[in-house]
Every structure is written in structure tokens, then in C-alpha cells.
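Sending over a structure as C-alpha cells; questions will come in a sec.
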Amino acid sequence: MSRRISIFDTTLRDGEQVPGAKLNKKQKIEIAQQLARLGVDVIEAGFPSSSPEELQAIKAVSEQVRGPVIAGLARAVQQDIDAAWEAVKGADRPRIHVFLGSSDIHLQKKLRKDRESALSMAADAVRYAKAFCEDVEYSTEDASRTDFEYLCRVVDTAIHAGATVINIPDTVGYAIPDEFGDLIRRLKEHVPALDRVVLSVHCHNDLGLAVANSISAVKNGAQQVECTINGVGERAGNASLEEIVMILKTRPSVYQAHTEIQTQEIYRTSRMVSRLMNIPVQPNKAVVGGNAFAHSSGVHQDGILKDRCTYEIMKPEDVGIKQHKIVLTARSGRAALKHKLSELGYDLDQERFERVHSRFLNVADRKKEIGSEDLTAIVEIELTKVAEAFSFSQLQIMSGNTMVPMACVTLKKEGEIITDASTGNGPVNAVFNCIDRLVGYQGILKDFDLKAVTMGKDALGEAMVRVEIEGSVYSGVGTSPDVIEASARAYLNAFNRFLANSQ
Ligand code: KIV
Ligand code: ZN
């Protein structure tokens with residue numbers, strides 16, 4: 001009999017803790033809607049007490065995204081729990097997720113509490129949350145480094161106080177698979193009350209074992225796995241959702257467990273998260289990396305041509321990687337664009353459609369054919385733009401290996417055209433210097449990534465940047481058939497995020 005494993009996605013909370021990956025409200029909603037299409041059971045939409053903007057963004061997700069449970073994280077204190085309830089109470093199925101450290105290291109060094117007072121703090125917090133919300137998850141932070149007897153007491157106490165889900169995190173990625181699986185099995189044996197709640201795990205990837213630990217926990221009885229798209233998250237990241245789901249799908253006889261994830265939505269979700277958080281996916285990343293289904297050696301190609309199962313254990317179509325026939329050009333009409341968008345799952349109102357249409361024409365004028373990947377990039381970037389203090393208008397560059405590169409950039413600020421010129425040690429640097437002058441701030445480039453959205457010499461270029469502005473890091477993304485323009489758009493996008501944030 002196959003057990004149903006619940007997928008708790010924390011991309012919008014643990015994932016968002018990656019420096020520079022902060023999302024605005026629109027972006028959070030866009031990703032949450034895609035997570036709902038993907039079929040996750042729970043969306044942890046954020047940490048409401050961290051800022052009023054974060055609370056409002058989670059509230060919007062709770063009110064607009066239907067299907068999954070929507071959870072908000074809270075420390076075990078009333079103020080956080082109040083904020084969490086305020087944020088999730090509009091959801092069809094709200095959950096408050098309370099956490100408190102349980103290891104001696106956390107109790108002594110961070111919380112400065114003894115075990116007994118931490119235990120009553122946990123019980124009080126769960127009872128307080130339960131008065132608002134039927135569904136309360138309790139996480140014993142740093143569980144994998146917690147004394148086992150004490151961990152059992154914490155779990156039992158939280159259940160008796162009303163927790164409906166108990167989460168066992170490997171907060172610092174210290175566990176190893178056999179040991180972590182064993183921990184889950186022993187907990188189930190020692191805490192009979194666990195039979196009436198959902199037992200969850202949450203693993204970090206500091207030793208590269210987050211997925212292995214999660215899957216070992218599933219084998220030993222865990223019913224919920226907490227994970228993120230592309231494995232993004234604090235430090236080395238969290239367990240990757242797509243890997244866990246595809247392990248269970250590819251090896252059903254080993255785990256006798258399955259999820260309800262619509263696996264053909266995986267690739268699209270991965271691209272969307274990468275783009276909106278500005279975190280590139282490494283080419284050799286399992287399941288969603290650019291090379292995950294690429295066969296380069298002659299022997300492998302020969303095998304694949306004879307029968308794909310010689311070197312493929314999953315079908316690219318199963319995770320939503322399709323070789324779409326390119327269909328749109330600058331001459332494709334509005335109806336064709338609308339049709340293609342709806343094929344890709346976008347149902348846009350008139351105002352959003354007009355924005356996408358105008359950017360589509362701008363790109364299609366320079367790129368002969370627009371494929372699904374191009375269109376997806378255009379839609380995601382256009383629809384999740386923050387209100388733009390500065391919008392990109394024009395760019396000219398002069399560059400070569402025997403001259404000092406020079407850029408001239410034109411932007412629009414509240415309808416007014418502003419232009420400036422600058423030099424740099426390369427064309428991109430000259431453009432960035434010029435944008436600094438136009439917006440009146442000095443950006444420090446922390447990260448710069450440039451890639452082609454599709455194959456071919458005329459591919460759409462996608463630039464991702466992380467820029468330090470006035471002491472904080474902002475990310476930006478931009479696309480264009482011209483890679484220097486894509487870079488300029490990305491850099492300007494980071495400034496617009498900074499300016500939207502400072503209002
Ligand atoms: O890693 C961790 O322990 C967490 C908890 C808040 C669940 O993220
Ligand atoms: Zn975590």
C-alpha cells in the first residue's frame with residue numbers, strides 16, 4: 001500500500017532567506033499560484049512578524065491563492081503568533097507554524113533558557129496559537145542535535161497542547177541518512193501520541209544530504225516533507241522539492257509512498273523561482289538543471305537514439321520539459337499570442353495582456369521567432385515588475401579591444417526623458433556606471449549571471465544581477481535579444497526594487 005506524503009513548500013519562507021532573494025507581494029503571489037498549480041499540500045508563505053510588508057504579502061497570498069494550506073511562521077511568542085494569524089486568517093485552510101529551539105546549544109547559547117522553561121514556553125505558544133487556528137504545526141528547531149529523551153518530551157508536550165503537525169528539523173544540516181531515519185523511527189516508537197498527528201521533517205543541505213535525510217525519514221514513517229523549489233534556502237539550502245518528488249515517483253517499490261504533485265509543472269516552477277529570486281540553477285542540478293536530460297557522449301547518444309531508457313530514468317516530459325515548436329513572430333497577431341499564453345497556462349486580464357503584448361512586440365522585432373521559454377520569461381518579468389521609478393528606454397554603446405568602452409543610456413522618469421553617458425572597463429560596466437549616474441546612487445555589483453533562455457544564436461539573453469545599494473542587496477532580472485540591454489534592464493530592475501522598498 002502506497003502512503004501519501006504531504007509536500008510542504010517553504011520556498012517563500014526558508015527559500016526567501018537567501019540574501020538578495022526577497023520577493024515583492026506580486027512575485028510572492030505569482031509563485032504561490034504556481035505552487036498551487038504544482039499541487040503542493042502546504043505553502044509556507046513567509047514569516048509575518050519580520051516586517052509589515054511581509055505580513056501584507058502573506059495576507060494577499062492567503063486571500064488569493066486557493067487549494068493548498070497556507071502557513072505563516074512564528075517564534076513561540078504571542079506577538080509573532082498574533083502576526084501569523086493576522087497574515088493567514090483569510091486562507092481557506094490556514095496554519096500557524098510555531099518553532100522553538102530544543103537542543104542544549106540553542107537553549108543555552110541562543111535562548112538562555114533551561115529545558116523546563118523552554119518546555120512550558122512551547123506548550124503556552126501552541127495553546128495560544130490553537131485559540132486562533134485549528135491547524136498548528138510545532139517545530140523543534142535543531143532537533144537532530146537535541147537530547148533524545150528531551151526531544152520526546154517536547155514532542156509529547158506540543159501534541160498535548162494541541163499541535164496537529166510535529167516537525168523535526170535538521171536545522172544545521174548535521175544529520176546523516178541512517179541516523180536521521182533512525183531518529184524518526186525511534187520517535188514514533190517512544191511517543192505514542194505521534195499516531196494522532198502528522199509527522200514532518202525539514203532538512204538543510206550543509207553536508208549535501210538534505211534530500212537523502214528527508215527520504216530516509218519518509219522510509220521510516222515521516223508523512224510530511226518540507227522542501228523548496230531548486231533546493232533554495234538558508235546557507236546551503238533546503239531539501240529540493242523536485243528531487244524528493246521524482247525519487248518517490250521513480251522508485252515507488254522502495255518507498256511505497258507517493259505525492260500528489262503534478263510533476264509536469266516542475267520545470268516551469270523551477271524556472272519561475274530561479275527568475276524571480278534571481279538564483280540561477282546549476283547546469284548539473286538533478287531533475288531541473290540545464291544538462292539533466294542532455295546526452296553528450298557518442299556512446300550515450302547512440303543508446304538514446306536506439307531506446308531512451310538506455311540512459312534515461314525519467315522522461316523530460318514528466319517534469320514538464322518540452323521541445324515546443326516555435327510559433328510566434330512579430331507578425332503573429334494578438335489572438336495567436338493570447339492562444340499561446342493560454343496554452344502555457346496564463347490567463348491574463350486586459351491590462352496585463354497589453355503589457356505582455358507590447359514587450360513581446362519589442363522583443364519579436366529583433367528576434368525572429370519567439371518560443372515558449374522566451375514567452376514565459378517575458379511574462380514572468382513583465383508581470384512581477386515593481387512600480388518603476390525609472391523605465392528603460394534606449395541604449396547605445398561603443399566598444400572594442402582598442403578603445404575605452406562608452407555607453408549612452410536613456411531612461412524615463414515620471415514621463416520625462418533623461419540621458420547620460422559614461423565610460424567603463426567594458427561595455428556592461430560602462431552601462432552600469434551610466435545608470436548609477438542617472439538614478440543618483442552608486443550600486444556595487446555583487447553577482448552577475450548571463451544566460452540564454454533558449455538554444456540558437458538569436459536566443460533571448462537573460463541577465464540576473466545582485467547589487468548592493470545603500471548597504472542592502474537587491475536583485476534584478478532583465479531579458480533581451482541583446483545581452484547588454486538585458487544586463488542594463490536587470491541592473492535598473494535592482495534599482496527600481498530598491499526605490500520601491502524605500503518609499
Ligand atoms: O531550519 C529550521 O529549523 C527551520 C524551522 C523554522 C522549521 O527553518
Ligand atoms: Zn529551515
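For ligands, and for the atoms within them, numbers begin at 1 and follow the listed sequence. Worth knowing before you read on, the calculation uses all heavy atoms, side chains too, and leaves out hydrogens, waters and symmetry mates.
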I'd like to know if the side chain of N496 and the backbone of A389 have a donor-acceptor N/O pair within less than 3.5 Å. yes

Table of N or O contacts for ligand 1, cutoff 3.5 Å:
unit_1: ligand 1; atom_1: 1 (O); unit_2: H202; atom_2: NE2; d: 3.2
unit_1: ligand 1; atom_1: 1 (O); unit_2: H204; atom_2: NE2; d: 3.0
unit_1: ligand 1; atom_1: 3 (O); unit_2: T171; atom_2: OG1; d: 2.6
unit_1: ligand 1; atom_1: 8 (O); unit_2: R13; atom_2: NH1; d: 3.3
unit_1: ligand 1; atom_1: 8 (O); unit_2: R13; atom_2: NH2; d: 2.9
unit_1: ligand 1; atom_1: 8 (O); unit_2: D14; atom_2: OD2; d: 3.1
unit_1: ligand 1; atom_1: 8 (O); unit_2: H202; atom_2: NE2; d: 3.1

Below 3.5 Å, can you tabulate the donor-acceptor pairs from side chains in residues 48-57 to any protein atom, sequence neighbours excluded?
unit_1: S49; atom_1: OG; unit_2: D80; atom_2: OD1; d: 3.1
unit_1: S49; atom_1: OG; unit_2: D80; atom_2: OD2; d: 3.3
unit_1: S50; atom_1: OG; unit_2: F47; atom_2: O; d: 2.8
unit_1: S51; atom_1: OG; unit_2: E53; atom_2: OE1; d: 3.4
unit_1: S51; atom_1: OG; unit_2: E54; atom_2: N; d: 3.0
unit_1: E54; atom_1: OE1; unit_2: K22; atom_2: NZ; d: 3.1
unit_1: E54; atom_1: OE1; unit_2: K28; atom_2: NZ; d: 3.1
unit_1: E54; atom_1: OE2; unit_2: K28; atom_2: NZ; d: 3.2
unit_1: E54; atom_1: OE2; unit_2: F47; atom_2: N; d: 2.9

Under the rule for ring pair (Phe, Tyr, Trp, His ring centres under 6.0 Å), what residues qualify as partners of Y128, not counting sequence neighbours? F132

Atom of H202 closest to the Zn ion (ligand 2), considering N, O or S atoms: NE2

Restricting to ring pair (Phe, Tyr, Trp, His ring centres under 6.0 Å), what partner residues turn up for F8, sequence neighbours left out? H97

Side-chain (H204) to main-chain (D170) donor-acceptor, under 3.5 angstrom: no

Could you tell me which N, O or S atom of H204 is nearest to the Zn ion (ligand 2)? NE2

Mind checking the CG-CG spacing from D156 to L187? Nearest 0.5 Å is all I need. 11.0 Å

Confirm or rule out an N/O/S atom of D14, from backbone or side chain, lying less than 2.8 Å from the Zn ion (ligand 2). yes

May I ask you to test the T263-K249 pair for a side-chain heavy-atom distance under 4.5 Å? yes

